[in-house]
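See structure below.
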Amino acid sequence: MNIGYACLAVGVADTQIKGCTIRNATDSRIAELAGENLSAVERMLEYNGLMNIRLFRMSSDIIPFAGNPVNTLDWSMLLAPQLAALGDKAKSLGIRLSMHPGQYTVLNSPRGDVVEAAIRDLAYHTAFMDAMGLGIENKIILHVGGGYGNHLEAMERFALHAEYLSPEIRNRLVLENDERIFNIEEVLELSETVKLPVVFDLLHHQANPSAPGGSPEIWMGAAAKTWKPKDGPPKVHYSQQDQGKKKGAHSTTISLDGFFDFIEMAQSYNPDIMLEVKDKNLSAVKCINALAEDKKINRLEQEWGRYKYNILEHAPEGYNRIRLLLKQKTAYPVRDFYTIIDGSLETPVTAGNARNAAEHVWGYFKDQADTSEKARFERLLSGYGKVKNAAPSMKAFLMKLQDKYQDEYLKGTLYFYLP
DNA sequence: TGACGTCAAGATCCG
DNA sequence: CGGATCTTGACGTCA
């Protein structure tokens, strides 16, 4: 049961996927960006390997405007060595990869131009994974598309258009229930016709349920059965509702209470679990630690090193509670640990706490900083409670100092990355 | 015609 | 000039 996250790694240096607008999308600019993006993905894979994250969804934007006619670059040829090396890295680290074209790739459209664009887009995703040399258990997840006022016809059109896809594309393709149009029951029905596996997305199911009679367990089991041995272990998407936002909006982080309930339900199918959550890799690490078989406090101590200055900034009392919690070296209080972390991060930052945390972090640099840096720090410090963006400005400044001085104890801290 | 989702790019403003 | 803040982009469907 691998647990993974999608597209971007929070708090991992130099992993941003860069793009450009269509009017700047010359082949040379695209080649430049694609090369940088492949390096960014490489760093994400290395991070995943270090953190024991064995499931990862790659961004669709690694090759800018791939599948769009403005991109005439022969990227798979040009970048072949880099792509192959990236695939080898994923394999050697045991990371299962996937890709997920967005809501604008619509294979079942009645419009010919839209279908052609969708096929080009799927061909890009397939060519990308093929160039990496990935086996077909590394999947491309796709929604069914539009409803057009008649779901049955829309599903038939999907099946018809799926016939036009190359075997290479079909081998990787997986269907997913969506939060507005096609529910899990319909997707499973379509899966029988088109012979494609199905990802069950629990939050989508809750937002867009099928007719009464099935439970999430039953649908998850039915979806799991659509996966053949060549497809690898079944995959599910798990996310939690952001309580403050509209239905279907992903939460900031995964709460372990809900996650444990989900695991109880899912474990008999032994699926790979893709988390869809705003804090991305951070929740993946949390969930992996929650299920870890070697329950060593060291896992939590490492996490503490990453979060401590954020906690100090949000809730100094949480800081003290965790220090007490981690004193018991033989225990593994993973649930309490993350409950305090999550609760503290939800606590609004006060000017005084932000100032205090900034002074702690400054402590790592104050002996090396030059006079202008010292002056800058003092000026930013005096802004707390007066200037509107005092806290983010200070963080940006301290992050630059970290770039320059590379303090060992601050390496990997989330202080610079979380608000 | 705007909302939807997504988040960096690009544009503009400010000191 | 650098930094902060606002707006746009790119896609297709649906209300």
Side-chain angles (χ1 to χ4, degrees), chain A residues 5-11 14-26 29-30 32-34 36-37 40 57-71 99-122 124-125 141-151 153-155 157-158 161 176 178-182 201 203-204 207-208 237 239 241-242 245-252 276-280 372-373 375-376 379-380 383 386-401 403 417 419:
Chain A
Y5 67 99
C7 302
L8 67 96
V10 174
D14 304 316
T15 57
Q16 264 116 272
I17 301 297
K18 291 179 192 161
C20 62
T21 51
I22 235 169
R23 66 194 177 92
N24 296 327
T26 60
R29 181 63 182 143
I30 289 171
E32 192 182 324
L33 288 166
E36 290 174 23
N37 288 342
R57 178 193 299 163
M58 295 185 286
S59 165
S60 291
D61 300 326
I62 296 168
I63 314 290
F65 297 103
N68 184 313
V70 300
N71 181 343
M99 295 180 92
H100 187 17
Q103 58 181 307
Y104 301 111
T105 301
V106 184
L107 187 63
N108 77 337
S109 176
R111 282 173 49 187
D113 59 333
V114 172
V115 178
E116 279 171 28
I119 293 175
R120 278 199 305 272
D121 192 47
L122 292 173
Y124 150 60
H125 285 86
I141 319 295
L142 185 68
H143 291 296
V144 179
Y148 310 99
N150 186 332
H151 283 206
E153 276 181 18
M155 284 156 69
R157 206 161 43 241
F158 185 101
H161 297 169
E176 182 194 348
D178 67 81
E179 79 278 30
R180 296 189 305 138
I181 305 169
F182 291 98
D201 184 307
L203 193 69
H204 290 167
N208 181 23
H237 289 176
S239 45
Q241 173 67 41
D242 185 325
K245 300 228 174 102
K246 62 163 60 178
K247 210 172 179 184
H250 295 155
S251 63
T252 310
E276 293 178 324
V277 58
K278 291 212 190 72
D279 73 357
K280 305 284 181 182
S372 80
E373 287 161 348
R376 180 96 205 272
R379 197 157 51 80
L380 287 166
K386 295 178 200 157
V387 181
K388 198 170 127 211
N389 293 298
S393 302
M394 175 65 95
K395 279 197 189 188
F397 169 65
L398 291 171
M399 189 170 171
K400 279 193 177 167
L401 292 183
D403 273 348
Y417 297 93

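Protein chains get the first letters and strands the later ones, always in sequence-line order, with residue 1 at the start of each. Only this structure's heavy atoms are used, side chains among them; waters, hydrogens and symmetry mates stay out.
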- Query: In terms of the nearest nucleotide of DNA chain B, which residue is placed more toward the 5' end: A:Gln16 or A:Lys247?
  - Reply: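 The residue whose closest nucleotide sits nearer the 5' end is A:Lys247.
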- Message: Determine whether the aromatic ring centres of residues A:His125 and A:His100 are separated by less than 6.0 angstrom.
- Response: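 Centroid distance A:His100-A:His125: not below 6.0 Å, so no.
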- DNA chain C: A:Arg23 or A:Ala396, which has the more 5' nearest nucleotide? A:Ala396
Main-chain N/O of [Y] paired to [X] side chain as donor or acceptor, under 3.5 Å:
X	Y	answer
A:Tyr124	A:Ser60	yes
A:Asp242	A:Thr252	no
A:Asn37	A:Ile62	yes
A:Asn71	A:Pro64	yes

- Message: When you measure from the side-chain N and O atoms of A:Tyr148 to the phosphate of C:dC14, is any distance below 4.0 Å, counting only OP1 and OP2?
- Response: no
- Task: Respond yes when some side-chain nitrogen or oxygen of A:Arg111 is under 4.0 Å from OP1 or OP2 of C:dT13, and no when none is.
- Result: yes
Starting from [atom2] on [N], measure out to [atom1] on [X] and report it in whole angstrom.
X	N	atom1	atom2	answer
A:Tyr104	C:dG9	OH	P	14 Å
A:Glu179	C:dT13	CD	P	15 Å
A:Ile22	C:dG9	CD1	P	11 Å
A:Lys400	C:dA4	NZ	C1'	12 Å
A:Met399	C:dA4	CE	P	13 Å
A:Lys18	C:dG9	NZ	C1'	19 Å

Sugar-phosphate, base or nothing in reach of [X], heavy atoms under 4.0 Å:
X	result
A:Asn24	sugar-phosphate
A:Gln103	base
A:Lys246	sugar-phosphate
A:Gly102	nothing
A:Thr105	nothing
A:Asn68	sugar-phosphate
A:Lys245	nothing

- Query: With a cut-off of under 6.0 Å to the ring centre and 45° to the axis, is A:Arg157 in cation-pi contact with A:Tyr148?
  - Reply: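 Judged by the rule (NZ or CZ under 6.0 Å from the ring centre, within 45° of its axis), A:Arg157 counts as positioned above A:Tyr148.
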- Message: Assess whether a salt bridge exists between A:Glu179 and A:Lys246, defined as any Lys/Arg side-chain N lying under 4.0 Å from an Asp/Glu carboxylate O.
- Response: no
- Query: What is the 5' to 3' range of DNA chain B, first to last nucleotide, that sits under 4.0 Å from any heavy atom of chain A?
  - Reply: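 Answer, 5' to 3': B:dC4 to B:dA11.
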- How many angstroms lie between CD1 in A:Ile141 and CD in A:Glu176, if you round to the nearest 0.5 Å?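 Here the rounded value is 7.0 Å.
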- Task: First locate atom CG of A:Asp403, then atom CG of A:Leu398, and finally report the distance between them rounded to the nearest 0.5 Å.
- Result: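 Rounded to the nearest 0.5 Å, the CG-CG separation comes out at 11.5 Å.
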- Query: How far apart are the C-alpha atoms of A:Glu32 and A:Arg29, what are their side-chain angles, what is the distance that settles it, and do they pass the salt bridge (charged side-chain N to carboxylate O under 4.0 Å, His left out) test?
  - Reply: CA-CA 5 Å; A:Glu32 192 182 324; A:Arg29 181 63 182 143; 3.0 Å; yes
- Take the C1' atoms of the five end pairs on each side of the helix from B:dT1-C:dA15 to B:dG15-C:dC1, get both axes, and report the angle to 10 degrees. 70°
